[in-house]
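Computation of the quantities below employed the complete heavy-atom set of this structure, encompassing side-chain atoms and omitting hydrogens, waters and symmetry-equivalent molecules.
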Amino acid sequence: MAADSELEKTEPASPRRLEQAREEGNVPRSRELAACASLVTGGTLLWVMGGSLESSLAQMLRDALSFPRELAFDPVALMEHGGQMLGRVLWALLPFAAILLGVAIVAPLAVGGWLFSAKSFLPKFDRLDPVAGIGRLFSLHALGELGKALAKTALVGLAAWFVIGSQSDAVFALASVPADDAGHSLGKLLFVAFVPMAGVLALIAAVDVPWQRWQYAKKLMMTREEVRQEHKEQEGNPEIKARIRAQQREMARRRMMADVPKADVIVTNPTHYAVALKYSETHDAAPVVLAKGADEIAAKIREIAVEHQIPLLEAPPLARALYRHTEPGDTIPERLYTAVAQVLAYVFQLRAGAHPALPENLAVPADMDIAAGTVPGMDATSAADERASEPRA
């Protein structure tokens, strides 16, 4: 049962899945909305522009049929005359056709938005498979489209039948009225027929738009396994990320250890902490922390210091404060300037060949010491946990 639930598409499509679908040219579209928009636009244009369009076409027809007798015996001139008349007709219909074309292009974008995908133009040879084609022909989607088309035809047919039935007397009366009056009467009848058919198509479009959106969302639904796999691909495998972080820590530790020989002094706890300090009057505004570590890392720092004859100074409160409040590459906090100055003065005197006394009672603020009980909210257990969180050598 658990395996079956993993394979069921129960999860909504992720943003990445939707983006991939758009890249492949797969977006929801409603043909019914486009058909309804085109019909309504065409009917509105005929209602607004019908009079002027009718007058222009009538005048063109009169001009086309009115030509000298000699023109009828000159095929070339007759063809030129017909071409001119055809050009005038096309020019008169151009605004009408341009608006309809624009609506036909823009209406589908109301569902799914604008999309241009080069992948849509790539050949898909799987569509040449006759077995798959037959399967698509009798699929639920195809049957749904067939039912929708039949329902639309039936509704539009009923609307047309209702209009014709209610206006049958006016239709038959067209044969007995003058041509001009018949034209006006026919226009009114067409408008009366247009309104219910446009209403039916609008109703169908109102149902089809949410239906297409629902079908699109259902088709792109994902299984739980697909969601997990996508999350791994986007966020990265946790195990791989852990290994990368470990490698980054190792590289940072090696760089830090490479800087230890440049230190002027190593301040120790003496066993738990070790902090390497350096100060150059010409380059540094304040002493800089080159490296720090706890337990095994601290032992490694002390080992390198002994190897390169760097002075080791036991100053537990200062070592703990520096470890707690600095990172490698940082300058020391201002509140520790006095204590570190005492340490560096001692080291520089040693380099000069003097024999100074070890600095005692270094001025380390109590709230900067991470010893048990000296920092609010940090006890001996917290201090031990902080040491344990330090990467091991």
So, do Arg17 and Met222 sit near enough that their side-chain heavy atoms are less than 4.5 Å apart? yes
Looking at residues at least two apart in the chain, or sitting in another chain, which of them share a side chain to side chain contact (heavy atoms under 4.5 Å, CB included) with Val200? Leu155, Val156, Ala159, Ile204
Report the distance from atom CD of Glu80 to atom CE of Met85, rounding to the nearest 0.5 Å. 12.0 Å
State the OG1-CG distance between Thr41 and Leu100, to the nearest 0.5 angstrom. 6.5 Å
Transitively linked via ILVMFWY side-chain contacts under 4.5 Å: Leu201 with Val207? no
Residues Lys300 and Glu296 bridged, charged N to O under 4.0 Å: no
For the hydrophobic clusters of this structure (ILVMFWY residues joined by side-chain heavy atoms under 4.5 Å, transitively), does one cluster hold both Trp214 and Val209? no
Spatial distance of atom CG (Leu101) from atom OG (Ser38) [nearest 0.5 Å]: 9.5 Å
Using 4.0 Å as the upper bound for N to carboxylate O, is an ion pair formed by Arg213 and Asp208? no
In Val347, Ile266, Leu290, Val289, the residue satisfying side chain to side chain contact (heavy atoms under 4.5 Å, CB included) with Leu277 is Val289
Same cluster (ILVMFWY, side-chain, under 4.5 Å), Phe96 and Leu86: no
Could you check whether any side-chain heavy atom of Met221 comes within less than 4.5 Å of a side-chain heavy atom of Glu11, counting everything from C-beta outward? no
Side-chain cluster (under 4.5 Å, hydrophobic types only) that Leu18 belongs to, other residues: Tyr216, Leu220
Distance-only criterion, 3.5 Å: show the donor-acceptor pairs between side-chain atoms of residues 307-318 and protein atoms not counting sequence neighbours.
unit_1: His308; atom_1: ND1; unit_2: Ile304; atom_2: O; d: 3.1

Cationic N near anionic O, under 4.0 Å, Lys278 to Asp259: no
When you look at Glu327 and Asp330, which way does the side-chain contact (heavy atoms from CB on, under 4.5 Å) test go after all the steps? CA-CA 6 Å; Glu327 295 294 334; Asp330 293 349; 3.4 Å; yes
Would you say the side chain of Thr268 lies within less than 4.5 Å of the side chain of Tyr273, judging by non-hydrogen atoms? no
Main chain of Tyr346, side chain of Gln349: is a donor-acceptor contact present, judged purely on distance under 3.5 Å? no
Of all the heavy-atom pairs spanning Tyr323 and Lys292, show the shortest one and how long it is. O-NZ, 2.9 Å
Given the rule that I, L, V, M, F, W and Y join up when any side-chain heavy atoms are under 4.5 Å apart, are Leu362 and Phe348 in one cluster? yes
Between Val364 and Arg320, is a side-chain contact (heavy atoms from CB on, under 4.5 Å) present by the stated rule, with each step listed? CA-CA 10 Å; Val364 178; Arg320 292 191 296 261; over 6 Å; no
Minimal non-hydrogen separation, Asp367 against His325, with atom names: O-NE2, 4.4 Å
If you compare all heavy atoms of Ala276 against all heavy atoms of Ala263, which two are closest, and at what distance to 0.1 Å? CB-CB, 3.8 Å
Minimum heavy-atom separation for Ser30 and Leu33, please, with both atom names. OG-N, 3.2 Å
Hey, what do you get for CZ (Arg335) to CE (Met368), rounding to the nearest 0.5 Å? 5.5 Å
Asp264 (side chain) donor-acceptor with Tyr279 (main chain) under 3.5 angstrom: yes
The reported gap from CG in Leu336 to CD in Gln342 (rounded to nearest 0.5 angstrom) is 11.5 Å
Smallest heavy-atom separation, His272 atom then Asn269 atom, equals CB-ND2, 3.3 Å
Work out which heavy atom in Leu350 is nearest to a heavy atom in Pro356; give both atom names and the distance. CD2-CD, 3.7 Å
CZ of Arg255 to CD of Glu250, rounded to nearest 0.5 Å, is 10.5 Å
Take atom CZ of Arg88 as the centre, draw a 6.0 Å sphere, and report whether it contains more than 12 heavy atoms from other residues, nucleotides or ligands. yes
Is Leu322 reachable from Val288 through a run of I, L, V, M, F, W or Y residues, each pair having side-chain heavy atoms under 4.5 Å apart? no
Pro287 side chain near Thr331 side chain, heavy-atom distance below 4.5 Å: no
